[in-house]
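One structure is given here, and the rest of the page talks about it.
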Amino acid sequence: MSGSLILQTAFVVVAVNLRLASGATVIQVRIASPAFALPSAGAGAMAFNEPVLEAASIECNRIYAGLFNFSYVAVTGDREAIHTNEEFTDQSPDLVAEWYYRLPVSPDIVPVIITPGNVDISMIHQITAQVNVLCIATMSYFKSQYNLQPAAPMIGTAFVPLPPVAEVFANLLVLYNWTTVYVITDLSAANVYQFMLSEIRKVQTRLAIRFIARTIDTRITPSFNILLREFTLLSRVLMFFGRAEQTRRLMIDAFNLNLTRGRHVFICDEPYPWPKNFGVVGWYLENSTDNEIARMAFRTLIFVHPNETVDLSSPRALHLAALFRRRTKDLYNITVTAFDQPTRELFSSYASVFMLAEVMNETLSAYGREKVRDGRWLAQQFWNRTFPAAGGLYDIYVDPTGLRRVTLQVSHFSGNDSHQEAFLVQSNLNITDLRTLRNISSSWPGGRWPPPNEPRCGYLNNLCHGAPGFAQNGGLTGVLTLSAVALVVGAAGFWARWHLHDHHLREPWWVLSVDLLLAPAKDVPTRVLSKMLLHNVLESQSAHHSTHTVSNLRP
């Protein structure tokens with residue numbers, strides 16, 4: 001047992017003795033866990049998660065004996081009638097409502113929903129909000145869309161939910177002013193990849209970023225060449241959402257098309273290293289003949305991933321993982337290997353029960369039994385706090401919206417051996433600050449980091465004098481046309497200036513009219529006449545007016 005659990009147990013023992021002395025009854029915490037039963041549902045399958053709930057309930061009952069009694073029920077529906085995960089998702093709201101309304105009515109019973117996923121999250125949240133029951137989703141990638149007040153937000157404790165990852169991608173694009181992004185999504189990959197672009201778009205609605213979205217099914221089309229050729233005509237920044245081995249395939253294809261010299265940047269996501277669902281992002285593949293090509297290509301790849309804080313090799317982690325596998329075999333007659341086991345997700349479910357117990361114990365001690373039954377109140381006690389060593393495993397931080405956050409990093413492959421190295425980090429406590437750890441210009445091919453959003457001569461290399469695509473794309477024609485127009489306009493201006501100047505020289509402007517020698521008439525004042533003479537002399541020197549004489553003024 002970890003030191004934190006020992007200390008926590010000591011405090012609880014004191015509280016239990018005080019409660020027993022007062023004659024108070026034990027509070028029955030009834031946990032319902034809706035999920036599809038079989039492993040075909042992925043990490044959220046009840047076959048994986050029931051052993052987790054069982055082990056966590058047993059441990060919490062030991063710690064909080066005399067205060068709380070935790071029990072659980074797996075809400076899987078009729079296993080003979082529900083054959084797919086999709087069928088269960090459709091029926092999950094009805095199954096949860098049926099469970100709730102069959103509970104005995106007692107002030108000593110506190111119902112709670114803890115679901116690993118594979119349910120209609122928003123509908124489940126709506127049901128629990130209406131009856132004021134706390135709901136915790138331990139593996140859902142998404143937030144509930146139900147937000148009618150005064151319902152408290154659903155608590156999300158998934159290891160890496162999508163919204164924080166999407167924020168890192170959006171912050172990355174803003175940081176480097178990448179505003180035109182080519183996106184490829186592999187339809188054969190896990191659902192988390194399918195929804196990543198839509199989550200990024202939710203975050204960046206206030207930003208002027210253009211996404212050029214394309215899909216591929218790598219089960220049918222193993223080569224990325226067609227998409228990569230289109231990419232070079234439209235962008236310099238490519239995001240790929242798919243399994244790690246397909247990322248490696250993409251980078252090798254990019255290398256063969258001469259796209260990995262540093263003028264293009266490739267970005268991918270690694271939810272975390274789990275070979276079964278996501279693979280492990282890396283260039284090396286055992287017994288492969290193209291490792292050297294992959295190594296060089298990966299120098300232009302950056303990827304977003306969690307800062308790993310789970311020590312899966314610790315004695316406690318190894319003990320729990322082995323216990324869960326053993327109980328899955330006992331309960332479902334399904335053999336689960338360490339390769340198949342979604343260990344990090346299972347630890348999230350395990351820790352969530354301990355977080356619940358801690359919040360309920362604090363509430364009981366400070367506010368009494370009535371608050372323990374208040375689902376909205378309990379949800380708010382999760383907000384904006386860190387649960388140290390939850391379940392004896394690791395610290396978990398829940399943000400002010402009820403969503404768990406982990407520190408996320410952006411890494412690249414550096415050095416002659418192309419080893420993984422983080423160069424940006426986004427703290428779980430500050431979701432808007434993507435902090436730079438190091439400048440990677442020295443290891444980036446070509447030495448220029450970051451690559452510009454658009455080359456100086458354009459994506460088609462047709463906007464500069466002398467560029468290879470300049471003449472082919474009409475640039476030379478345009479320049480010649482403009483030059484010809486400028487020449488004609490210049491010649492016309494020169495001719496007009498010469499003509500006016502020649503006409504001016506030909507006029508006998510020095511010959512005075514006889515009228516100018518005549519004395520002015522008496523009825524015209526001399527002062528006025530002198531001004532009129534001056535005006536007419538000046539006009540006679542202008543090439544734009546006829547010569548006038550004072551004879552026009554004579555009566």
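Predicted model only: the values in this text are computed from it and were never measured.
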Test item: Asn453 side-chain N/O and Thr180 main-chain N/O as donor-acceptor pair under 3.5 Å: yes
Donor-acceptor pair, distance only, cut-off 3.5 Å: does the side chain of Ser348 make one with the backbone of Arg344? yes
Min side-chain heavy-atom separation Leu424-Leu172 under 4.5 Å: yes
Could you tell me whether the side chain of Gln194 and the main chain of Asp186 form a donor-acceptor pair under 3.5 Å? yes
Measuring from atom CG of Leu227 to atom CG of Leu250, what distance do you get when rounded to the nearest 0.5 angstrom? 9.0 Å
Quick test of your reading of the model: are Arg249 and Asp253 salt-bridged, counting only N-O distances below 4.0 Å? yes
Does the ring center of Tyr272 lie less than 6.0 Å from the ring center of Phe278? yes
Is the closest side-chain heavy-atom distance between Thr179 and Arg210 below 4.5 Å? no
Are Phe413 and Phe303 near enough that their ring centres are under 6.0 Å apart? yes
I'd like to know if the side chain of Trp383 reaches the main chain of Leu403, judged simply by a donor and an acceptor atom lying under 3.5 Å from each other, with no hydrogens or angles considered. no
Thr386 vs Tyr397 side-chain heavy atoms within contact, under 4.5 Å: yes
Within the 3.5 Å criterion, strictly below it, is a donor on Thr218 or Ser188 matched to an acceptor on the partner's side chain? yes
For Leu301 and Val281: C-alpha separation, side-chain torsions, deciding distance, then whether side chain to side chain contact (heavy atoms under 4.5 Å, CB included) applies. CA-CA 10 Å; Leu301 174 72; Val281 174; 4.3 Å; yes
Does Thr337 have any side chain to side chain donor-acceptor pair (under 3.5 Å) partners at least two apart in sequence or in another chain, and if so, which? Asp340
Do the side chain of Thr128 and the main chain of His125 share a donor and acceptor less than 3.5 angstrom apart? yes
Say whether Tyr350 and Glu59, considering side chains only, have a donor N or O and an acceptor N or O under 3.5 Å apart. no
Examine distances only and state if a side-chain atom of Arg385 and a backbone atom of Phe382 form a donor-acceptor pair shorter than 3.5 Å. no
Hey, does Arg263 have a side-chain heavy atom less than 4.5 Å from the side chain of Thr300? no
To the nearest 0.5 Å, how far apart are CE in Met154 and CD1 in Ile136? 10.0 Å
Check whether Gln381 reaches the backbone of Trp377 with its side chain - one donor and one acceptor, N or O, closer than 3.5 Å. yes
Go through Ser352 and Thr138 one step at a time and tell me if the side chain to side chain donor-acceptor pair (under 3.5 Å) criterion holds. CA-CA 7 Å; Ser352 295; Thr138 66; 5.5 Å; no
Could you check whether any side-chain N or O of Ser92 sits under 3.5 Å from a backbone N or O of Asp120, counting only pairs where one atom can act as donor and the other as acceptor? yes
Hey, what do you get for CD (Gln409) to CZ (Phe423), rounding to the nearest 0.5 Å? 10.5 Å
Arg438 CZ: over 12 foreign heavy atoms closer than 6.0 Å: yes
Lys/Arg cation over aromatic Phe298: Arg295, 6.0 Å, 45° cone: no
Leu323, CG: over 12 other non-hydrogen atoms inside 6.0 angstrom: yes
Can you measure from CE (Met360) to CG (Leu134) and round to the nearest 0.5 angstrom? 8.0 Å
With a 4.5 Å limit on heavy-atom distance, are the side chains of Asn49 and Leu346 in contact? yes
Could you please spell out the steps behind the side chain to side chain contact (heavy atoms under 4.5 Å, CB included) verdict for Lys202 and Glu199? CA-CA 5 Å; Lys202 291 178 186 178; Glu199 286 296 314; 2.9 Å; yes
What's the spacing between Ile155 CD1 and Thr401 OG1 if we round to 0.5 Å? 8.5 Å
Compute the ring centroids of Phe231 and Phe240, then answer whether they are less than 6.0 Å apart. no
Please walk me through it: do His305 and Ser411 pass side chain to side chain donor-acceptor pair (under 3.5 Å)? CA-CA 8 Å; His305 62 99; Ser411 292; 2.7 Å; yes
Test item: Val353 and Leu53 side chains (from C-beta on) under 4.5 Å apart, heavy atoms: yes
Would you call Arg435-Asp433 a salt bridge at under 4.0 Å N-O? no
Are any non-hydrogen side-chain atoms of Phe159 and Pro271 less than 4.5 angstrom apart? no
Should the pair Trp178 and Trp449 be assigned to parallel (<30°), tilted (30 to 60°) or perpendicular (>60°) ring geometry? perpendicular
Side chains of Asn291 and Arg248: donor-acceptor distance under 3.5 Å anywhere? yes
Would you say Arg376 has more than 12 foreign heavy atoms packed within less than 6.0 Å of its CZ? yes
